[in-house]
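Heads up, the thing below is written out as structure tokens.
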Amino acid sequence: MRIALTLPDGQQFEVPPGTSASEVLRLWNPTLSGSVLAAIYQDRPIDLATPLDRSGSLRPLTFEDRAGRDILQHSSAHLVAKALLETVPSALPTHGPPTDEGFFYDFDVRPLTADDLEAIRTRIQEAIHLKEPFVRRELPIDEARRLFAANPHKLRYLADTPDPVVSVYSTGSFVDLCRGPHVPDTSWLAGLHLLGVSAVHDGGREDGPMLQRIRGVGFPTVALRDQYLRQRQEAEARDHRGLAQRLELALFLEEVPGFPIWLPRGMVVVRELERYVTEHLAAAGYSEVRTPLMFPQSVFETSGHWEHYRENIFLSTVDDRVFGWKPMNCPGSMLIFRSRSRSYRELPLRWAEFAPLHRREASGTLHGLTRVREFVQDDAHLFVTEDQIEPEIRTLLEWVRSAFTTFRFEWSYELSTRPPGALGDVAQWTAAENTLRRLLEEANVPYRISPGEGAFYGPKIDIHLKDSLGRPWQTGTIQLDYQTPKRFGLEYQGADGQMHTPVVIHRTILGSWERFIGVLLEHTSGRLPPWLSPVQVRVLPIAEAHSAAAQAFLEGLRQRGIRVDRSESTESLPKRIRSAEIERIPYIAVFGDREAQDATVALRIRGTKGSLVVPVAEGIARIEGAIRSRSFDP
RNA sequence: GCCGCUGUAGCUCAGCUGGCAGAGCAGCUGAUUCGUAAUCAGCAGGCCGAGGGUUCAAGUCCCUCCAGCGGCUCCA
């Protein structure tokens, strides 16, 4: 008797039952076998050594496949666990899944140090050289319970397993409960790189016991690892904290942790972004408001912040009353709405407020410009009728698309649903969630659902950007709120003569200037679009003799509102060019004998090679055009 | 807030098992007037994160605190 295996190209191979997956794959394509680490058999991932007993489909997996990559990451996690147990025998492994970047493995063990990691690295290298196989064994769950009797974490997983038979994998003397599959042996993990160790909360609870997490990335070869390390190094060079400092945009002082200080150049970027957003607001029917930075406790009790957000509010006592620094702008807008009677004819009311917000973020979470304690958002609150919700959100989603396209970002949407302990009733939440879902579907954009991550007053659509190391940051957000207007007792008189409660849409598009600029700096490596650049043009006379021509050009630009400066000729030309390049200035205008004589300018345009020699008027027009059109590149 | 690591000149970093605080860049002064990513010379710049302890002697060893970094929790 023989079984038939169908390969991806449709070829069939008939082999005796019990033939391993790797043997069949070798028959199919002998040259491929070196890169195949596992296989998909009947839509399920399997080890290469798995004996095949029935006819069916068979597909090879390599490191290039996401599934194959995940398998290699997971095998890497096993190897780390093995190495740790050889170093610290009392360590209890918990779980070690693959992640988007690589993998981690969490251990119940004393705090691990850099020395421990070094010892683990040595053990890993030994195992890689020994080419130790990953061996699968299936055993009855009772036997598994005896095998892992000393590890309560594994016993917990076993208790959650409905199957009567589970699988374990051994690598050398290390045995781990695991579904598999795995790479054939440890030589596949030659490029394993450890990223570090940190403490994590078991089960995601802050008050839970702490585990030690070892993170890493697996690669089948040292060459691939080195390529990864190079890329990572380049990404670190784009870190906005370094760039903000070197470009003199923002300052961080030990005295004011979490409170970024905007320097003159950084303030230019903030104001230009603000202008960009404000121009849109005017066209989209918004008006601006400004409300107090502090409110008494009673206002936050009304809004629900006191109950749900108090630990994040900075408190002050004024005349024996407790005041809180506002963490959001919504209470102020609510009070304005309530300040007089409102008619349905006024709606939608769209009030923008760019006020500083204060949030007492946990000290360990602060991160350059992207996670701070004081920031300003391009915030607005829309007071709308039921019927106006959909068109308003549709418009907002379009504005999101247009804004993030301007900056050439890749962004993603996330729909966050009702958190535990939220205000309001479940039916209304579900309806609001469904509205947002429908609008996302209608806009035909991919989105993820984050269960339980909504604001305490309503579900939201969040916009996420990634920094240079791939860490996600939430920027824009569109939040649908039925609760807060009700709590403030807001009402308007409808066409029917009855009083109705408005719905509020809280929304920011770019998020906070701080976070947005931080991520934008990493996205552009500090090469901000010309319209955002603090210095847009540097004029550079080669020698004293060319000073007048340079100055005339400078004044021509300045009259048009272009930010231009000049560097004097006490330093060499290459030195001054280099300085301007390091400062990421989009245009460098050089004046020498030729330019002075021909009434031209030699424009060095950031991101292009060589220089463009054009008549002065044309040079000015070109620069002005790029800035006015807010083009991304100079 | 939790765990680990780090903190030396404005910036990037040397400083060995405790024995006189260093370099490059940036800054200032002078010379050089230059054709597209570093001209040369000189000068200045430090409570070695803060406080306490051990020691004849602490940048170095120990403790506490502060800040930063990487994760976790939380979030624009």
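Quick note: numbers below take in every heavy atom, side chains included, and nothing from hydrogens, waters or symmetry partners. Numbered from 1 within each chain, the chains take letters A, B, ... in sequence-line order.
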- Task: Give me the ring orientation class for A/F314 and A/H358: parallel if the planes are under 30° apart, tilted from 30 to 60°, perpendicular past 60°.
- Result: perpendicular

- Item | First of A/A545 and A/L253 reached from the 5' end of RNA chain B, by closest nucleotide | A/A545

- Item | A/F354 ring center within less than 6.0 Å of A/W513 ring center | yes

- Message: Please tell me whether A/T477 and A/D462 have a donor and an acceptor in their side chains that are separated by less than 3.5 angstrom.
- Response: yes

- Item | Strand contacts (RNA chain B) in residues 370-378 of chain A, 4.0 angstrom heavy-atom criterion | A/R371, A/V372, A/F375, A/Q377

- Please check if atom CD in A/E236 has more than 12 non-hydrogen atoms from other residues, nucleotides or ligands closer than 6.0 Å. yes

- Message: Categorize A/S569 for me: base, sugar-phosphate, or nothing, with a 4.0 angstrom heavy-atom threshold over every strand shown.
- Response: base

- Task: Check the side chains of A/E514 and A/T370 for a donor-acceptor pair under 3.5 angstrom, ignoring hydrogens and angles.
- Result: no

- Note on the structure: From CD1 of A/I582 across to P of B/rU12 the rounded distance in Å is 15 Å

- Task: Mind checking A/S579 for me? I need base, sugar-phosphate or nothing, with any heavy atom below 4.0 Å counting as a touch.
- Result: nothing

- Determine the Euclidean distance between corresponding P atoms of B/rU6 and B/rU17; express it in Å to zero decimal places. 15 Å

- Message: Please give the distance between the C1' atoms of B/rA26 and B/rA9 as a whole number of Å.
- Response: 11 Å

